[in-house]
Structures are given as C-alpha cells and as structure tokens.
Protein chains: 2
Amino acid sequence: MDSTVATERALDAAERLFYQRGIQTVGMDDIRTASGLSLKRLYQLFPAKERLVEAYLERRDARWRQRLAEYVEQYENPERPAEAGDRVLAVFDWLGEWFAEPDFNGCAWINSYGELGATSESVARQVRLHKAAFKGYVVELVERAGLPSGLGDPVFLLAEGAMVTAAITRSTEPAAQAAQAARVLIAAGRQG
Amino acid sequence: MDSTVATERALDAAERLFYQRGIQTVGMDDIRTASGLSLKRLYQLFPAKERLVEAYLERRDARWRQRLAEYVEQYENPERPAEAGDRVLAVFDWLGEWFAEPDFNGCAWINSYGELGATSESVARQVRLHKAAFKGYVVELVERAGLPSGLGDPVFLLAEGAMVTAAITRSTEPAAQAAQAARVLIAAGRQG
DNA sequence: GACTCTAGAGAACGCTCGTTCTCCTGGGTA
DNA sequence: TACCCAGGAGAACGAGCGTTCTCTAGAGTC
C-alpha cells in the first residue's frame, strides 16, 4: 500500500477515535484495528503516539478552518449589497450546522487542552495556534465588514462559549443564542 | 486522625493535583504522597478513584459557586440605587480575579469534560449539573436586575468563552472583554 | 498482661498500553 | 532458482497504575 494512502488511513482512524473518545483512552492497538494497518507500519509513519496526535490536530485544524471559510464565503455574494456583518454572523450559522452533526463532540482543541494541555507542551502549543488562527479569522471578517475591529474579541468569545456549551449540553441552541448576541453587538458597533 | 480531617486532607490533595495536572495523569500514589495518608486509609474513605473524582468535583462546585455569590453580593448595596446589571457585571469582575490567581488553570469542569466526558457518565453528569447551576445563577441575576431574562443566555456564553480563552491564552483579558460585551448587551436589553 | 482492632508502610498483583521484537510470507531482482 | 527485504500478525517487554494484601506497631479494653 502506498505510504500516503497508509498515512491517510492512519489519520482517519486516529481522528475518528481521538475525537470521539479522547486521546488518552484510545490505544495504538485501537488505531491499528480501526485503520487496518499493522503496528509496524503505524510506527514507521508515526514514530510515537505523540506524533500521531500532532498530525491529527494539524490536519483537523486545516480542514476545520477551510470548511468554515468555504461556508462563510457563500455570503460573499456580489449580486446583492451584503449587510455589514453578514459574514460574521455566518460563522454562527456554520457552528450551528456543526453542532447538529451526529458525531459532534465539542471542540477538538478545547477537549485536547483539557486532557493534555497541562502535560504535553506540543498539544498546548497547537491548541493556542488553532485558537489564534480562528480568532484572527473572526477579526478579519469583522474588519472586512467595515466594523470596529474591537468587535472581534466578543464575537470570538461568544463562539467559544457556544462550542463549549453545545458540547456539554448536547444542544445546538448555543449557536443561535450567540448569533443573536452578535447581531446586537454588531448593531451597537455600527452606531458607535 | 479523625475521619473528617482525613477526608479533607485527601480532598485537598486531590483537588490541587487533579486541577493542576488533570485527572488521568495523577495516580493514587501521588495523592497518597501529597495527602500524607496511607493507601489503606484513602481506599477506606473513597473505595475507588472515581469516587474521589466525584467528591472533588462536588466540593469544588459548592465552593466555586459560593465564592462567586459572596463576591456578587457585595454589589447588593442598599445604600445606593444599584444600576440594573451591576451584579451581572460583577460576575465578570470575579472571573477576572479568578483568572489572575497564580494557580488558575481553566474551568475544572470544562477540563474534566474534555478529559473524561466521553468515558465517564458520572463526570459528564456532574459537569452538566455544575454548568446548569451556574447558568441558573446568571439568569437569576439578570431577572433580579429587572432585565429581560433572555439576556441570561448570551451572558452565560460570554462567561464560558472567557473561561476557556483565559485558560488557553493564559491571560486575564477575556474577562474584561466579556464584561464590555455584556455591558453593551445589557444596555441594548434595557432599551428593547 | 492478653486480646483485638485500626491504621501505617509498602510490597504485590493484575491489567493496560506504548513500544519493540520475532517469525513468516510473498514479491521483486540478479 | 537463490536471495533480499518490506511488510503483516501478533507475541513480548517494560512501565505505570488502580487496587489489594502482608506484616507490623500501637492504642484501647477487659
């Protein structure tokens, strides 16, 4: 089997299991079984579990942010004059769809941070990078909408709060609640 | 040694270690060493590690919410006509002080949920109870301030987002940012 | 003073899990 | 055909850890 195909299979299995059950409770044996690869092959591709965890978070980060950006770009419709803030609010629509996915289990980075942030410096670093990138994206959307850039902070906090709460309560509501609050903040920001 | 004293010592050690390093990475041996109790005594008081975890979360929940309520009550000053929402905003002041504590390591329940929410039903249940109680308290503050009770949701989400972000970025700023957003929402709510 | 019960110190047990090793098969190559 | 070697299956190793067991000391009681 091609090495890139094997890597992908390993990461697919790792992502599914790590995200669903947590990192520490999933053993390399579980990943072997789920991926159909041998332990030998797994350790050739990822010399230690920690490397696999890093690769899992990296790949998921790229995909998560890309999916978000693709969704938000729908709202960049040149045909109609976009309301300032439409694309900012689209973030919460996307969160709502994500929360509704059957295998939604919270934010992978918040979960990983709770599990390993205190122990693994590499995990902590990746979580910080992911959150900084997400926040940077939110700020960028705010600024491109011509809104005061200070709006980025509370919008980001609302999104984080919605992710955590959706996970714990197993509900999609927080997305709509956060969206509504963001709408009010945007309206206030436009006046001020 | 008195049994209640021993229980307290066990919980003190457990809380310090679990909160700082996570639950799974702390062994019963670590708790024995830190508490000065023997394993035998520990297992008399808590027949399994899971019981100790439950007791840790329960005791911390009671103390956390009591400290918050005590702080907020300062703002219940009958001498002056309190601004509606003062006590709601006091929640964020208190969060800011908490974030600044040297051993602050995020929200114990969010962390525990990330670590064990998928594995341990008892942990998941306690996290949900704690968050429901906190949210209930926020809603109560909002209503007692004569504000529209729908304001409870976004204020709660801002608080959650602030906790998560303060932990990951190791910064106290999110408390002030969330407070500022809450101020705007409250002002808008008073008008609407 | 003999007995009993509690508790301390820490060894021991059994299981899990990350990692490595052994043995074997099969395909490519001179 | 003889050789080589990448890879598969899974046993084996070693450490960590939750839990229990052993042995001992001491305090309370008749």
Side-chain angles (χ1 to χ4, degrees), chain A residues 1-57 111-112 114-123 126, chain B residues 1-57 111-112 114-123 126:
Chain A
M1 185 192 300
D2 191 348
S3 181
T4 63
V5 175
T7 301
E8 214 156 306
R9 289 207 189 164
L11 285 174
D12 286 347
E15 180 162 4
R16 187 155 22 94
L17 293 173
F18 285 158
Y19 179 64
Q20 214 59 235
R21 316 212 311 246
I23 292 170
Q24 299 197 75
T25 52
V26 171
M28 293 298 279
D29 248 36
D30 298 319
I31 290 168
R32 167 177 72 169
T33 304
S35 69
L37 300 173
S38 67
L39 274 183
K40 195 173 198 173
R41 199 85 153 94
L42 264 182
Y43 274 90
Q44 270 179 359
L45 300 168
F46 304 96
K49 189 185 182 185
E50 201 178 358
R51 293 289 107 69
L52 186 55
V53 172
E54 288 167 11
Y56 147 59
L57 290 175
N111 292 347
S112 301
E115 202 177 341
L116 296 170
T119 316
S120 160
E121 190 45 48
S122 83
V123 166
Q126 281 195 71
Chain B
M1 184 191 302
D2 191 348
S3 181
T4 63
V5 175
T7 301
E8 213 157 306
R9 289 206 189 165
L11 284 174
D12 286 346
E15 180 163 1
R16 187 154 23 93
L17 294 172
F18 285 158
Y19 179 64
Q20 214 58 236
R21 315 211 314 243
I23 292 170
Q24 300 196 75
T25 53
V26 171
M28 293 299 278
D29 249 35
D30 298 319
I31 290 169
R32 166 178 72 170
T33 304
S35 68
L37 300 173
S38 67
L39 274 183
K40 195 172 199 173
R41 199 83 152 98
L42 264 182
Y43 274 90
Q44 270 179 0
L45 300 168
F46 303 97
K49 190 185 181 184
E50 201 178 359
R51 292 290 107 68
L52 186 55
V53 172
E54 287 167 12
Y56 148 60
L57 290 175
N111 292 346
S112 302
E115 203 179 339
L116 296 169
T119 317
S120 159
E121 190 46 48
S122 83
V123 166
Q126 282 195 71

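Chain naming here is simple, since letters A, B, ... match the order of the sequence lines and numbering starts at 1 in each.
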What is the distance from CG of B:Leu17 to C1' of D:dC17, rounded to the nearest Å?
-> 15 Å
Please give, in whole Å, the distance from C:dG10 P to B:Tyr43 OH?
-> 17 Å
For the pair made of CZ in B:Phe46 and C1' in D:dC17, what is the distance, rounded to whole Å?
-> 19 Å
Side chain of B:Gln44 (C-beta onward), nearest among C:dA7, D:dG8, D:dG18 | C:dA7
Rounded to whole Å, the CD1-C1' distance (B:Ile23 to D:dC17) equals 16 Å
For A:Asp29 and C:dT16, give me the distance from atom CG to atom P, rounded to whole Å.
-> 11 Å
Among D:dG7, D:dG10, C:dG18, the nucleotide that comes nearest once only the side chain of A:Leu39 is considered | D:dG10
Closer than 4.0 Å, any side-chain N/O of A:Lys49 to the OP1 or OP2 of C:dG18?
-> yes
Identify, between B:Thr25 and A:Ser38, the residue whose nearest nucleotide on DNA chain D lies closer to the 5' end.
-> A:Ser38
Would you kindly check whether a donor in the side chain of A:Arg32 faces an acceptor in the base of D:dG10, or vice versa, at under 3.5 angstrom?
-> yes
Might you point out which heavy atoms bring B:Ala10 and B:Ser35 nearest each other, and give the distance in Å?
-> CA-CB, 4.2 Å
Of A:Ala48 and A:Lys40, whose closest DNA chain C nucleotide lies nearer the 5' terminus?
-> A:Ala48
Any donor-acceptor pair under 3.5 Å from A:Ser120 side chain to A:Leu116 backbone | no
Interatomic distance, B:Gln24 CD vs C:dG18 P [rounded to whole Å] = 12 Å
Backbone N or O of B:Glu115 within a donor-acceptor pair of the A:Gln24 side chain at under 3.5 Å?
-> no
Rounded to the Å, how far apart are B:Leu45 CG and C:dA7 P?
-> 9 Å
Flag the pair A:Phe46 / A:Glu54 as yes when at least one side-chain heavy-atom distance between them is below 4.5 Å, and no otherwise.
-> no
Between D:dC17 (P) and B:Glu50 (CD): distance, integer Å = 18 Å
B:Leu11 to B:Tyr56 - nearest heavy-atom pair and separation | CD2-N, 3.8 Å
